[in-house]
Structures are given as structure tokens and as C-alpha cells.
Amino acid sequence: MSINIIVCAKQVMDPETPSSAFSVDSDIKQVTPVQGIPPVVNGFCENAVEAALQIREAAGGGTVTVLSVGNEFVMDVMKKPLSMGADSMILIQDQLCENLDALGTVNVLSAAITRAGEFDLILCGQQASDWDNAHVPLGLSETLGIPCLTEAKNIEIGDDSVTVNSSRTDGYEVFEANLPALITVNNEIGEPRYPTLRGIMQASRKTPEILSLSDLGLSEDQMAPAMALSDLYIPVSEAQCEIIEGEDDADSGRLLALKLREAKII
Amino acid sequence: MSEILVLAEIENGTLHSTAGELLAAARKLAAELNLDVSAALFGEITEDITGEVVALGADNVYTASHPKLASNVADAHVAALEQICQQASPTAVLTAKTPLGRVVGPRLAYRMGVGVAQDCMNVTGEKISGKITVTRPVYGGNAMAAFTFTDKNPQFIVVRVKAFEALERDDSRVGRIVELDMDIADDQIKVKLIETVKEESEGVKLEDASVIVSGGRGLGGPEPFSQLEELAKMFNGAVGASRAVCDAGWLDHSYQVGLTGKTVSPDLYITVGISGASQHMAGCSSSKSIVAINKDSEANIFKEASFGVVGDWEKVLPSFTATVQELLSS
């Protein structure tokens, strides 16, 4: 059996950037990139790459194509899925994508997927760690008119169908759908593998296909945002932490409990 | 008169707690914009449930009991909600950030070609322009963003669980109940629910606990969680964890609190060895009191906590637990 999978992946600011270094420019309503901290492939998108590689391995053949939309890719960063073992990569890189919102992203991804040809499965990270929208994959399934399965923690491919265990607060639900289908994953699907030296060597010989919006036949009005960003700011914490200090750590623990009683918290 | 429509979910035969929260958010918008509030109820609907929805703030209740709506499969709910939107032309549609609501709202928004905002903590209507603005955390909670919808209706808003408090039940309220005959075509249903598997965790559910003791990477391994459990039990509370703990496999992901885990708002949230990354705080920042035990005085958690100890948890926690036990038993 051979299976063709498209994985949507996004380049994002490193979410491990310390909050002390995080700043926004409220005038232009943008997060200011931090010097010296390169972007990364969004964590859940890496989980999606891992899931795709495992499905391809279990099927015994097929392709994993990684697709991304952005205005300025850092090639060393974006090649990570190729180093992990993906077969090919399509990057839609266009200055017009700089402030693309979710609706525009769905339009671009959908056009790129239609152009790429037949596929069995689309895998996406549940949400990206920058804008945390968590609805681009949902919109993509609507635009493409294919089944949508979310928050998968296990994926089994059948003959012409897919069975997914979707995480729920108190367990999971088992869903089945025909292929082609779209599935979202998060960290529960399992840790992404580290690229091997051989993987890195192979990736270095692969060249991502780079397309512009005009290559996809998209016009600027298809990029019109559905909502206007009217404000962007860093929330101010109102909490004033009272640090409890005793003679030693054990004493501090005891005093903390007494303090909570005094404050009528316990 | 146009309206604000909410998707009021039913779970195990009762109204889901988020329904009251959505109705409260909708009443706020309705007052600001001079609109009605309507609720959509799907599945097995009783008079008690419709009555409760009216008492919690709905002026109109649309009910549909199509067999395809019996289980919480998003496909059927998207199709049913679309039919209500076509008939009622609401100004905005509110769904809760539940496994169902966070999928149904956005999917229908894309189907109708209109905007959607996920995980909203506040909603505001501007009387003169009629515009709705939502506030939501972005960049893992490091920043807040306000979005204003364009003129296309309906505007889809996914509301964070527990961001609004349900209004007090007012049984003198009167509402209009509209039973709808839904026509949901077979080809609308692309996903089939095979089975629901419950994994009941022992003791109090994390979301319901009034006291939560959460552990982070700083604990160094799975073993110390038994000490957290011991403390949680004294309060009849529950144990939570940071994402790092769950990703490392020390605890199951059902314990995870945070942006991608559970959102909790206990009276007391005690953290042990948690640095307090925005991603984690996004899931617990609405706790009444946060207490932190961490060895790093620079840790972000001390910016969020009201009381804290800077020290080695292995020494702080046992004496803290022992003193708590004394205080609770005295």
C-alpha cells in the first residue's frame, strides 16, 4: 500500500523565547522579533510531520510533502521536516503573505493543495504558537470539502478509510472517515523524531519548490482579512507576590501554610 | 430584530456548564447592541433544558432533535447550525471552546465565508457602529490581541471556558421556543463516531476541583507526584501538571493544564517546580489564588502568584504539607 500525505507546517517565532525578551510594537501592532533567536517550525506541525512519517512507514510506501505559507522563510529552519524524513517541500513565499490572516492562509493552502494533485491525507498541527487561532485546518477541510478529524492521539489507516482516536477531557472518541481526509494533531500524538545525520545529508540535497501567489493564480482580494487587528499589547499582571522567608526552606514551607490560613485561603 | 445566537451544548442529558457562560456573554453583547439573544439546542431536548436556557438569558430557543444530532459529531451540528443561521440571520454566533464548540463555530464560519475568533476572553459591542470587538490571548498568552469584525455577518466567536460567569437563573423570564424540522442530508455527514471511551481518573476531576496542586519539570521525575497527590487529597483537590511533565511521560496528558491542556479556575492553585510559562498560565490564570514553590527567584510564576517560597521543593513541600494537615485538622 502506498499513501500520499500533505503536512501543513508553519514557521513561527520560537515559543521558548523568554517572556522578558518578548515585546510588541503597539503602533504597528506586531510582535518584535528577538535578535539572535531564530524562528522554529511550529511544535504541533512537527508532531504532524512525525505522524505522517509513521503512517508512511506503516503503509510501506508513499510520499510525505510538507507545505508552508510565509513571507520570509529561514531555509535552515524550514528544512527540518525534510531532515526528519519528509520527501519533498512546497513553500509559498510572497511579500503579500506578511500579514496574512487565517482566512487568507486557508485560501493559499487550498490553492497549493489543489495544484499539487491527488492526496490521501492532510495532516496539520492543531494550532500555531504565534496567533493560536486553531482554525486554519478546520477551514481547509471546509474549503476542500473533505472529512475533518481533530485532536488525534492515534491514527490507523484502513483500505480506503482512516480511524482516529480524538482526545477528550475524560477519555477519547473513536471516529472513522473515508480518505481523503484532514486530521489535526497536537503533542499527544508523540514526540517528533530527531533528524539523523543521514537525514540531514539527504535533506541538504533536496530543494524546496518555491512558489509565489501569482504562481497559484491568487489575487490580492483573496488575501483580504476577515477581521481587523485593532490592538496588540502585553497584559500586565496585577498579582503582587509576597515571598515567604523562614530560617530555612523547611521553615518557609511551614510559614507559607500559616500565611495561607491567615489570609483565609485555607 | 436581529440576534446573538449561542450554541448551547447538551452533555449526558443535561445542559453543559458553558451554555450559561455563553448566554451571559450574549446578554452583554445584546445589551450593548440592542439585540435579542437566541440559543440553539440540539439532541435530546427536555422541557427542563429549554426552561433552563430561557432562565439563563435566552429570548428565543431553537430546538432540533434530528437523530443525526444525538451524538456530538461536529458534521451534523455544523449542518444544523447553518440552517438556523440561514433562517435567523444572527449578527453573531457564540460557541464555547469545548471539543465540539471550538470545531463547529470555525467550520461554519469558513463554510459561510465570514470571520471567526477563537478563544475569546471578552466581547464588546459598540452601539453606534454596531461593531463587535473580541479580546483573545496570542503568542501563547504572552500578548493580548483585540480584533474587530468587518461588516459581514454572522460574526463567529469561540468563547473561552469560564471566561464569563453564568447569570443567576431567573425562572420568571419568558422565551419563545421554536421547534425546527431539520433536514440533514447523508452527504453532510463525513465522519462517523464509532465509540466513546471514558478514562475516569480517580478522585476529583481537575476542572471541578476547588484546590489544585500542580507540578512541573522542576520535580525531576514522576515519583514526587505522590507527594503532590497527598497534599491535594487533604483539600479533596486534584493534581495537575505542566506540559513538560506530560510530554516527558511522567503523567498522562489528561493532567495537563495550559493553553493546549485544560483550563482551570480553582480557589487555590499551588504550583511546585513550575516556571510559569505563559503557555501554562493561560490555563490557570483565572484561579482565585496562586501559590508558588520554586527554587528560581526569577521564575515567571512569581509574577503571577500571590504567595511564594523561593527554595528547594524537597525541603519546602513536606513541612508545608505537614502544617496544612495540622491546620485543617485543628
Side-chain angles (χ1 to χ4, degrees), chain A residues 15 19 22 24 31 103 106 129-135 138-139 142-143 147-151 163 167-177 186-188 191 226-235 237 239 241-244 248-254 256-261 265-266, chain B residues 99 102-103 106-107 110-111 114-119 133 137-140 142-150 190-200 207 243 247 253 259-260 262 268 278-279 289 291 300 302-312 315-317 319-320 323-324 327:
Chain A
S19 355
F22 185 90
V24 300
V31 172
L103 181 63
V106 166
S129 58
D130 48 6
W131 290 97
D132 289 313
N133 279 318
H135 52 65
L138 308 177
E142 285 292 328
T143 311
C148 178
L149 301 138
T150 54
E151 294 163 55
T163 308
S167 289
R168 294 294 176 250
T169 45
D170 54 354
Y172 61 93
E173 286 179 316
V174 185
F175 292 106
E176 194 183 272
N186 57 32
N187 49 317
E188 288 193 51
E191 284 285 296
M227 284 183 295
L229 178 61
S230 44
D231 201 4
L232 184 68
Y233 58 95
I234 294 179
S237 168
C241 189
E242 187 178 339
I243 300 291
I244 313 295
D248 53 27
D249 284 353
D251 193 39
S252 304
R254 188 180 66 86
L256 176 64
L258 294 173
K259 187 79 201 178
L260 295 184
R261 169 51 64 97
I265 292 170
I266 60 172
Chain B
R102 64 178 174 239
V103 171
R107 276 183 56 187
Y110 282 95
R111 194 173 289 189
V114 295
V116 54
Q118 181 80 265
D119 199 17
T133 298
V138 296
Y139 283 83
N142 275 307
M144 294 293 289
F147 289 93
T148 306
F149 284 87
T150 52
K190 297 192 168 85
V191 171
K192 196 163 82 182
L193 176 66
I194 307 292
E195 191 187 356
T196 300
V197 182
K198 298 269 181 218
E199 288 173 337
E200 286 300 332
E207 299 94 316
R243 181 173 157 186
D247 279 353
H253 280 284
L259 189 72
T260 53
K262 286 174 179 162
L268 176 57
S278 317
Q279 195 277 129
S289 303
V291 169
N300 190 56
F302 291 115
K303 293 198 183 91
E304 309 275 348
S306 21
F307 298 99
V309 167
V310 179
D312 180 358
K315 298 199 176 73
V316 179
L317 189 62
S319 68
F320 176 71
T323 315
V324 166
L327 290 170

Residue pair A:Gly253 / B:Ser319: nearest heavy atoms and the distance that separates them: CA-OG, 3.5 Å
Decide side-chain contact (heavy atoms from CB on, under 4.5 Å) for A:Val24 and B:Tyr139; before the verdict, give the C-alpha distance in whole Å, the side-chain angles of both, and the deciding distance to 0.1 Å. CA-CA 11 Å; A:Val24 300; B:Tyr139 283 83; over 6 Å; no
Salt bridge (charged side-chain N to carboxylate O under 4.0 Å, His left out) filter on A:Glu173, not counting sequence neighbours, yields A:Arg168
Structural part of A:Asn187 lying under 4.5 Å from a heavy atom of chain B: both
Worked verdict on B:Glu207 versus A:Thr169 for side-chain contact (heavy atoms from CB on, under 4.5 Å): CA-CA 9 Å; B:Glu207 299 94 316; A:Thr169 45; 3.4 Å; yes
Mind ranking A:Thr143, A:Leu232, A:Ile234, A:Leu256 by heavy-atom pairs under 4.5 Å with chain B and telling me who comes out on top? A:Leu256
I need the residue from B:Gly140, B:Ala305, B:Gly308, B:Pro99 with the largest number of non-hydrogen atom pairs under 4.5 Å to chain A. B:Gly308
Where the side chain of A:Asp249 meets the backbone of B:Asp312, is there a donor-acceptor pair that is under 3.5 Å apart? yes
Most heavy-atom pairs under 4.5 angstrom with chain A, which of B:Thr196, B:Asn142, B:Val324? B:Asn142
CD-OG distance between B:Gln279 and A:Ser19, expressed to the nearest 0.5 angstrom: 12.0 Å
Check each atom of A:Tyr172 against the heavy atoms of chain B and say whether the ones under 4.5 Å are side chain, backbone, both or neither. both
The interface call for A:Leu260 against chain B, heavy-atom contacts under 4.5 Å, is side chain
How long is the gap from CZ on B:Phe320 to CG on A:Leu258, to the nearest 0.5 Å? 10.0 Å
Measure A:Ser129 against the heavy atoms of chain B and call it side chain, backbone, both or neither at under 4.5 Å. backbone
Nearest heavy-atom pair of A:Ile243 and B:Phe302: which atoms, and what distance? CD1-CD2, 3.7 Å
Identify which part of B:Arg102 has an atom lying under 4.5 Å from any heavy atom of chain A, answering side chain, backbone, both or neither. both
Using heavy-atom distances under 4.5 Å, tell me whether B:Thr133 contacts chain A through its side chain, its backbone, both, or neither. side chain
B:Lys262, part contacting chain A, at a heavy-atom distance under 4.5 Å: side chain
Quick check for you: to the nearest 0.5 Å, what is the distance between A:Asn186 atom CG and B:Leu259 atom CG? 11.0 Å
Roughly how far, to the nearest 0.5 Å, is OG1 of A:Thr163 from NZ of B:Lys192? 9.5 Å
Just so I know, are the side chains of A:Cys148 and B:Arg107 near enough to count as touching, which here means a heavy-atom distance under 4.5 Å? yes
Select, from B:Gly115, B:Ser306, B:Pro106, the one with the greatest count of heavy-atom pairs under 4.5 Å involving chain A. B:Ser306
Could you tell me which portion of B:Thr260 (side chain, backbone, both or neither) has an atom closer than 4.5 angstrom to a non-hydrogen atom of chain A? side chain
Nearest non-hydrogen partners of B:Ala143 and A:Pro235, listed with the distance: CA-CD, 3.8 Å
Contacting region of A:Glu176 [heavy-atom separation from chain B under 4.5 Å]: both
Count the heavy-atom pairs under 4.5 Å between each of A:Ser252, A:Ser230, A:Ala177, A:Pro15 and chain B, then report the option with the highest count. A:Ser230
Looking only at heavy atoms, which two atoms of A:Phe175 and B:Ile194 are closest? And how far apart? C-CG1, 4.2 Å
Kindly determine whether B:Gln118 and A:Asp132 satisfy side-chain contact (heavy atoms from CB on, under 4.5 Å), including the steps that lead there. CA-CA 8 Å; B:Gln118 181 80 265; A:Asp132 289 313; over 6 Å; no
Between A:Cys241, A:Ala226, A:Gly139, A:Ser167, who has the most heavy-atom pairs with chain B when the cutoff is under 4.5 Å? A:Cys241
What part of B:Ser289 is in contact with chain A, defined as an atom under 4.5 angstrom from a non-hydrogen atom: side chain, backbone, both or neither? side chain
Ranking B:Leu317, B:Val114, B:Val309 by heavy-atom pairs under 4.5 Å to chain A gives rank one to B:Val309
Of the backbone (N, CA, C, O) and the side chain (C-beta and beyond), which part of B:Leu268 lies under 4.5 Å from a heavy atom of chain A, both, or neither? side chain
Grab the two heavy atoms, one from A:Asp170 and one from B:Lys198, that are nearest each other, plus how far apart they are. OD2-NZ, 3.1 Å
Could you tell me which residues satisfy salt bridge (charged side-chain N to carboxylate O under 4.0 Å, His left out) with B:Arg111, sequence neighbours excluded, listed by chain and number? A:Glu142, B:Glu82
Would you call the rings of A:His135 and B:Tyr110 parallel, tilted or perpendicular, taking 30° and 60° as the class edges? tilted
